[in-house]
Amino acid sequence: MSQRVKIRQVLQDDSTNYEVTVKGWVRTFRNNQFIALNDGSTNNNLQVVVNEAEMDPATFKRITRGAAISVTGQIIPSLGKGQRVELKTASLEILGDCDAEAYPIQPQKQSLEFMREIAHLRFRTNTFGAIFRLRHALAFAVNQFFHQKGFVYLHTPIITASDAEGAGEMFRVTTLDMKNPPRNEAGEIDYKEDFFGRSTNLTVSGQLEGELGAMALGDIYTFGPTFRAENSNTARHLAEFWMIEPEMAFYDLKDNMDLAEEFIKYVIRFALDNNREDLDFLATRLAEEEKQKPQAERSEMGLIEKLEFVLNNDFERITYTEAIEILRNSKPNKNKKFQYPVEGWGTDLQSEHERFLVEKHFKKPVILTDYPAAIKSFYMKQNEDGKTVRAMDILFPGIGEIVGGSQREENYDKLVARMNELNIPVEELYWYLDTRRFGTAPHSGFGLGFERLVLFVSGMTNIRDVIPFPALRRTRNSKSNTPDVYTKAGALKRLLFHFMEIPMPASYCQLSKTIQCV
Ligand code: 4AD
Ligand code: MG
């Protein structure tokens with residue numbers, strides 16, 4: 001294979017009049033002369049100029065939208081408008097043909113909903129190219145931030161027996177034959193016969209194992225896939241999402257909040273500094289989308305402005321109790337505009353309440369602390385008031401909760417008492433409790449939902465558009481699995497193929513014979 005140069009490099013290079021080989025996919029072919037070639041290294045296309053008279057006619061005919069080609073030629077100053085340089089073709093090879101009529105990706109704008117139906121091809125559009133390069137940059141920045149601070153990247157288990165959040169939203173992993181499972185004397189399924197000799201599930205959080213690491217290594221973070229069989233089919237929930245969970249010994253709640261704020265600002269700054277082209281593209285996309293909305297619903301800031309705003313302003317920090325007071329006295333509450341009216345202390349906040357606080361009242365990110373114990377997880381440090389715990393949630397405009405975290409209860413007796421109250425089996429979590437038995441210390445941590453971060457930075461509005469292969473709950477009303485893309489493209493051939501809207505990552509399917517919801 002000849003050495004190829006990436007288009008990003010060609011476009012960045014100031015020099016001209018040199019020979020290159022580029023490889024990519026034809027985005028458009030205009031006037032039988034100008035190919036817009038994209039290789040995924042940047043959203044910008046390289047203009048490739050071909051001269052029909054000098055080409056083999058059979059090859060020429062095969063230059064179609066979507067085809068993969070290799071071109072060698074001279075980079076010269078462009079004669080036309082819109083680009084600084086272009087590639088004058090000396091030789092062109094078709095690597096892979098594409099029947100442009102049947103190809104579902106059309107040159108005109110196509111809806112995001114339609115793109116979700118052809119998720120296997122959507123990487124080939126400008127919007128999804130920009131999103132997934134941005135997602136990569138943010139993931140890289142996450143690792144760089146913690147590495148620079150001396151944190152250890154700890155890989156916590158994906159198959160586990162623990163329900164870290166105690167919320168029972170797990171996907172069971174088993175090798176038992178579910179058509180004819182072994183049963184114990186009581187007639188229940190006997191998981192002693194299962195692969196691990198017990199019932200196991202996909203992890204909902206790496207936190208508890210992360211705490212074990214922090215209580216020896218000092219500062220650790222996890223960054224991996226997590227799974228929740230939640231019933232909420234919203235624009236902000238996935239059944240499989242990626243979470244970053246730092247855990248720090250000797251941190252109190254304030255240290256925890258400071259770290260979370262610094263971390264979020266760092267990764268946003270990184271994206272602005274390193275992915276400006278993609279962000280500018282997404283900003284333009286968002287501005288066009290906003291124009292379709294009625295004036296009153298349009299956002300006051302553009303995407304770049306919004307990101308700069310987050311960087312330049314301190315997050316507001318208030319307690320849950322203060323938030324309830326603000327909400328109780330708010331106009332929408334008094335005018336009965338909330339679907340869930342805010343009456344008493346103790347109820348969980350709904351997303352309409354979170355959005356009011358962030359988007360209308362403070363108009364910036366808000367950190368809410370000291371929630372009622374009853375609505376938070378068992379491991380959170382209990383406050384002296386006997387009612388609240390040292391929890392913190394970070395709420396973001398347009399997103400709602402982006403981070404959930406807390407200082408942890410380090411006192412063995414208090415933790416065991418709370419577990420007993422909630423019927424959490426103390427014996428099964430002996431390993432977790434050992435951190436409190438042997439050299440316990442104050443410590444804290446938080447979890448940031450990676451897709452919610454990508455959602456915020458990209459300005460997209462649906463979480464399904466910022467993860468390559470969204471896994472969602474399938475409801476009875478879900479659309480058919482067979483997208484009708486081929487008729488849409490106007491092709492005669494109507495191919496029926498069974499493409500899952502939600503391709504389960506093969507690695508997980510192979511882990512077990514059955515992945516079922518428990
Ligand atoms: O608030 P959560 O449930 O907290 C935990 O799991 C803790 N163990 C974290 C910790 O302290 N180490 O989840 C943390 C974050 C949420 O704030 C949200 O951003 C994201 O994970 N998240 C989801 N993202 C997409 N889809 C879902 N179904 C999500 N559930 C939570
Ligand atoms: Mg939470």
Side-chain angles (χ1 to χ4, degrees), residues 135 138 142 146 151 154 156 160 162-171 202-214 219-248 251 253 256-257 259-260 263-264 267 320 348-351 354 358 365-369 371-372 375-381 389-396 398-409 432 443-457 460 462-467 470-473 502 517:
R135 184 179 163 111
L138 289 168
V142 165
F146 288 116
F151 281 56
L154 195 74
T156 49
T160 169
S162 91
D163 176 4
E165 289 301 297
E169 293 165 337
M170 299 170 297
F171 289 99
L202 296 176
T203 185
V204 293
S205 156
Q207 179 197 322
L208 303 194
E209 294 89 349
E211 284 185 53
L212 308 182
D219 298 326
I220 65 94
Y221 71 106
T222 72
F223 185 2
T226 43
F227 307 85
R228 294 194 187 175
E230 282 174 303
N231 212 349
S232 32
N233 214 337
T234 74
R236 291 177 301 117
H237 288 85
L238 291 161
E240 174 181 304
F241 64 99
W242 286 64
M243 186 155 51
I244 296 134
E245 296 186 275
E247 193 68 36
M248 298 74 63
Y251 268 50
L253 188 63
N256 203 21
M257 288 191 278
L259 182 79
F263 167 55
I264 293 175
V267 295
Y320 164 92
D348 209 353
L349 297 182
Q350 303 294 327
S351 75
E354 295 177 344
V358 173
V366 175
I367 312 185
L368 283 189
T369 62
Y371 280 76
I375 57 170
K376 288 291 180 189
S377 298
F378 72 96
Y379 50 69
M380 296 190 180
K381 186 167 174 65
V389 285
R390 254 169 242 181
M392 64 153 195
D393 275 9
I394 303 185
L395 313 179
F396 255 52
I399 306 289
E401 182 191 329
I402 195 165
V403 161
S406 70
Q407 185 169 341
R408 318 305 189 191
E409 181 54 76
Y432 182 65
H443 62 289
S444 301
F446 62 85
L448 173 127
F450 187 54
E451 284 73 23
R452 293 198 184 167
L453 174 74
V454 184
L455 207 50
F456 181 74
V457 182
M460 299 299 289
N462 193 317
I463 201 161
R464 296 165 201 196
D465 296 332
V466 298
I467 186 163
L472 311 166
R473 185 183 184 90
I502 319 147
C517 173

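Order of appearance sets the numbers: ligands from 1, and atoms from 1 within every ligand. No hydrogens, no waters, no symmetry mates; every other heavy atom, side chains included, goes into these values.
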*For Gly405, counting its heavy atoms only, list the atoms of ligand 1 lying under 4.0 Å from any of them.*
11 (O)

*Starting from atom 15 (C) of ligand 1, locate the nearest protein heavy atom and write down its residue, its atom name and how far away it is, to 0.1 Å.*
Gly447 O, 3.7 Å

*State plainly whether the residues Arg228 and Glu165 are in salt-bridge range, i.e. N to O under 4.0 Å.*
no

*Do any protein N, O or S atoms sit under 2.8 Å from the Mg ion (ligand 2), and which ones are they?*
Glu401 OE2

*Residue pair Leu349 / Leu368, side-chain heavy-atom distance below 4.5 Å*: yes

*Nearest protein heavy atom with distance in Å, relative to atom 26 (N) of ligand 1*: Leu238 N, 3.0 Å

*Any donor-acceptor N or O pair under 3.5 Å, side chains Tyr379, Gln207*: yes

*Identify the closest protein heavy atom to atom 7 (C) of ligand 1: which residue and atom is it, and at what distance?*
Glu165 OE2, 3.3 Å

*Nearest 0.5 Å please: distance from the OG1 atom of Thr222 over to the CD1 atom of Ile244.*
8.5 Å

*Taking the side chain as every heavy atom from C-beta outward, state whether Val142 and Phe263 have any pair of such atoms under 4.5 Å apart.*
yes

_Side-chain (Asp393) to main-chain (Gly404) donor-acceptor, under 3.5 angstrom_ = no

*Using heavy-atom distances, let me know which of Gly449, Ser406, Pro470 sits nearest atom 20 (C) of ligand 1.*
Gly449

*Applying a 4.0 Å heavy-atom criterion (strictly less than), which segment of Trp242 is in contact with ligand 1: side chain, backbone, both, or neither?*
neither

*Do side-chain atoms of Thr369 reach the backbone of Met392 as a donor and acceptor pair under 3.5 angstrom?*
no

*Does Tyr379 have a heavy atom less than 4.0 Å from any atom of ligand 1?*
yes

*Name the closest protein heavy atom to atom 28 (N) of ligand 1, giving the residue it belongs to and the distance to 0.1 Å.*
Glu230 OE1, 2.5 Å

*How far is atom 22 (N) of ligand 1 from its nearest protein heavy atom, and which residue and atom name does that atom have?*
Phe241 CE1, 3.4 Å

*Any side-chain heavy atom of Asp219 sitting closer than 4.5 Å to one from Phe146?*
no

*Run the numbers for me: atoms of ligand 1, each under 4.0 Å from some heavy atom of Val403, listed by number.*
17 (O)

*Would you check whether Ile402 has a nitrogen or oxygen atom less than 3.5 angstrom from a nitrogen or oxygen atom of ligand 1?*
yes

*Heavy-atom distance under 4.5 Å between the side chains of Ile264 and Phe396, does that happen here?*
yes

*Top protein contact for atom 1 (O) of ligand 1, by heavy-atom distance*: Glu401 OE2, 3.0 Å

*asked:* Once rounded to the nearest 0.5 Å, what's the spacing between atom CD of Gln407 and atom NE2 of His443?
replied: 9.0 Å

*So, the side chain of Arg452 versus the backbone of Arg236: is there a donor-acceptor pair under 3.5 Å, distance only?*
yes

*If we only count heavy atoms from C-beta on, is the Ser444 to Lys381 side-chain gap below 4.5 Å?*
no

_Residue pair Thr160 / Glu209, side-chain heavy-atom distance below 4.5 Å_ = yes

*What atoms of ligand 1 come closer than 4.0 angstrom to any heavy atom of Gly404?*
1 (O), 9 (C), 10 (C), 11 (O), 17 (O)

*Got the closest protein heavy atom to atom 21 (O) of ligand 1, with its distance?*
Met243 SD, 3.5 Å

*Give the residue and atom name of whichever protein heavy atom lies nearest to atom 18 (C) of ligand 1, and the separation in Å to one decimal.*
Arg452 NH1, 3.5 Å

*Salt bridge between Arg135 and Glu451, side-chain N to carboxylate O under 4.0 Å?*
yes

*Given Glu245, Arg228, Arg236, Arg408, which has its nearest heavy atom closest to atom 2 (P) of ligand 1?*
Arg228

